Amino acid sequence: MLSIGQCRLEARVVDITTLAVDAIVNAANTSLLGGGGVDGAIHRAAGRELLRECETLGGCATGNAKITAGYGLPAKRVIHAVGPVWGGGGHGEAELLASCYRCSMELAQDTHCASIAFPAISCGVYRFPAQQAVRIAVSTVIESLRQTPGSIRHMTFACFDDAMFRLYETELDNDRQAPPSKPA
Ligand code: AR6
């Protein structure tokens, strides 16, 4: 557990579709019309109404995010973020991944969310190296919270397995020990 201003950040091994938070983030693709992994699980749990709203959004560029209602999910909203496919690191993947987290945080703050949960965007089918992705995820949300404290009070990094959980715990520990002025 790490606190940044009034926001608590924690990692948990949990299925993100079970979380009753103000917004869960989806690791979507540019069509926003569903897929496998966490995207498939979110659409299954939310029901067909989610797909119907997604069909009105006109897709989403990589590095960006769009927001919908949560429908059958315990979460009130879904923020659909499109992470980059890992292509070796020389195609702007790190910046695009950071951009996903920044855009998702902005949407959550704009809609006055107090609680939000993120999966490890791009770390599954899109093959982004997990340790680097976790570093980007944690540093980008911390930077965003420091720049725009806003409404968010609780942030969960939802991990599908213990290995991913340990990576987040290590990263959150590093930031707990670092002075607040450390560059994100
Ligand atoms: N709760 C939390 N984490 C999960 C869950 C869950 N229910 N299910 C999977 N994960 P991925 P990507 C983890 O592949 O790499 C889809 O087809 C998983 O273990 O879902 O961004 C989309 O439509 C991994 O750590 O997303 C896109 O086409 C992380 O979530 C594409 O996959 C992300 O894995 C996006 O690929």
Side-chain angles (χ1 to χ4, degrees), residues 9-48 50-55 57-68 70-89 91-105 107-108 115-138 140-141 154-172:
L9 291 80
E10 66 168 344
R12 281 175 65 190
V13 178
V14 66
D15 178 349
I16 201 166
T17 65
T18 66
L19 295 177
V21 289
D22 289 334
I24 59 169
V25 178
N26 183 14
N29 58 58
T30 54
S31 79
L32 297 186
L33 300 180
V38 71
D39 194 8
I42 287 173
H43 275 269
R44 272 193 302 280
R48 284 203 60 84
L50 176 62
L51 181 60
R52 263 182 236 124
E53 184 174 356
C54 285
E55 283 168 349
L57 299 178
C60 182
T62 302
N64 209 336
K66 292 192 178 177
I67 191 163
T68 66
Y71 300 101
L73 289 161
K76 290 188 192 132
R77 297 182 179 84
V78 181
I79 295 171
H80 305 263
V82 183
V85 178
W86 180 255
H91 302 84
E93 293 95 330
E95 182 44 44
L96 287 166
L97 187 63
S99 173
C100 277
Y101 283 93
R102 272 195 299 273
C103 292
S104 300
M105 293 291 285
L107 285 171
S115 51
I116 182 170
F118 282 93
I121 300 170
S122 286
C123 289
V125 176
Y126 283 0
R127 302 182 319 274
F128 203 112
Q131 190 173 25
Q132 192 185 342
V134 166
R135 231 173 253 151
I136 291 168
V138 173
T140 307
V141 301
H154 193 245
M155 181 167 301
T156 304
F157 293 104
C159 306
F160 216 43
D161 56 44
D162 286 333
M164 187 63 81
F165 172 75
R166 281 193 294 274
L167 289 178
Y168 276 101
E169 280 286 276
T170 303
E171 199 54 36
L172 291 170

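Whatever order the structure lists ligands and atoms in, that order sets their numbers, starting from 1. Small disclaimer: the values here were computed from a predicted structure and weren't measured.
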Asks: Do the non-hydrogen side-chain atoms of V141 and I116 ever get within less than 4.5 Å of each other?
Replies: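 The answer is no, as the side chains (C-beta and beyond) never meet within the 4.5 Å cut-off.
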Asks: Compare all side-chain heavy atoms of C123 with those of M164 and state whether any distance is below 4.5 angstrom.
Replies: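 Side-chain contact under 4.5 Å: yes.
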Asks: For the side-chain contact (heavy atoms from CB on, under 4.5 Å) test, which of I121, V85, T62 pairs with Y126?
Replies: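 Answer after filtering I121, V85, T62: V85.
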Asks: Main chain of E95, side chain of S99: is a donor-acceptor contact present, judged purely on distance under 3.5 Å?
Replies: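 Here the side-chain-to-backbone pair does not exist.
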Asks: In terms of side-chain geometry, is the basic nitrogen of E55 or R48 positioned less than 4.0 Å from the acidic oxygen of its partner?
Replies: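 Salt bridge absent between E55 and R48.
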Asks: Return the closest protein heavy atom for atom 20 (O) of ligand 1 as residue, atom name and distance.
Replies: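 Minimum-distance protein heavy atom for atom 20 (O) of ligand 1 reads V38 N, 2.8 Å.
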Asks: With atoms numbered from 1 as shown, which atoms in ligand 1 lie under 4.0 angstrom from a non-hydrogen atom of D39?
Replies: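 Ligand 1 atoms under the 4.0 Å threshold to D39: 22 (C), 23 (O).
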Asks: For residues L51 and L33, determine if any side-chain heavy atom of one lies less than 4.5 Å from a side-chain heavy atom of the other.
Replies: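 Yes, close enough: below the 4.5 Å cut-off.
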Asks: Should L19 and R12 count as side-chain neighbours, where that means a heavy-atom distance under 4.5 Å?
Replies: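 Yes - at least one pair of side-chain heavy atoms lies under 4.5 Å apart.
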Asks: Looking at atom 7 (N) of ligand 1, what's its closest protein heavy atom, distance included?
Replies: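 The answer is D15 OD1, 2.8 Å.
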Asks: Please identify which atoms of ligand 1 are closer than 4.0 Å to at least one heavy atom of A27.
Replies: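 Per the distance check, 21 (O), 22 (C), 26 (O), 35 (C).
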Asks: Could you see which bit of V14 sits under 4.0 Å from ligand 1, with heavy atoms only: side chain, backbone, both or neither?
Replies: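 Answer for V14: backbone.
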Asks: Which of the numbered atoms in ligand 1 are below 4.0 angstrom from a heavy atom of G35?
Replies: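 Those qualifying, in numeric order: 17 (O), 23 (O).
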Asks: Which of the atoms in ligand 1, numbered in the order shown and given with their element, are less than 4.0 Å from a heavy-atom of G36?
Replies: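 Numbered from 1, ligand 1 contributes 16 (C), 17 (O).
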Asks: Could you name the option among Y126, F160, F118 that has the heavy atom nearest to atom 18 (C) of ligand 1?
Replies: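 Considering heavy atoms of Y126, F160, F118, the nearest to atom 18 (C) of ligand 1 sits in F160.
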Asks: Consider ligand 1: state whether an atom of it lies below 4.0 angstrom from any non-hydrogen atom of S122.
Replies: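 Yes, that is the case, since the closest heavy atom of the residue is under 4.0 Å from the ligand.
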Asks: Would you call H154 and T156 a side-chain contact if the rule is heavy atoms closer than 4.5 Å?
Replies: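 Yes, close enough: below the 4.5 Å cut-off.
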Asks: Should you measure from each heavy atom of N29, which atoms of ligand 1 turn up under 4.0 Å away?
Replies: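 Here the atoms of ligand 1 in question are 22 (C), 23 (O), 27 (C), 28 (O).
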Asks: Which residue holds the protein heavy atom closest to atom 1 (N) of ligand 1, what is that atom called, and what is the gap in Å?
Replies: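 Answer for atom 1 (N) of ligand 1: I16 N, 3.0 Å.
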Asks: Report the relative orientation of the aromatic rings in F157 and Y168; use parallel for angles under 30°, tilted for 30 to 60°, perpendicular for over 60°.
Replies: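 Rings of F157 and Y168: parallel, as their planes differ by under 30°.
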Asks: Could you identify the single nearest non-hydrogen protein atom to atom 33 (C) of ligand 1 and state the distance to 0.1 Å?
Replies: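 The protein heavy atom lying closest is A120 O, 3.2 Å.
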Asks: Which residue holds the protein heavy atom closest to atom 15 (O) of ligand 1, what is that atom called, and what is the gap in Å?
Replies: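 Sorting protein heavy atoms by distance from atom 15 (O) of ligand 1 puts G124 N, 2.8 Å first.
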Asks: Tell me which protein heavy atom sits closest to atom 14 (O) of ligand 1, plus the residue, atom name and distance to 0.1 Å.
Replies: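 Answer for atom 14 (O) of ligand 1: V125 N, 2.9 Å.
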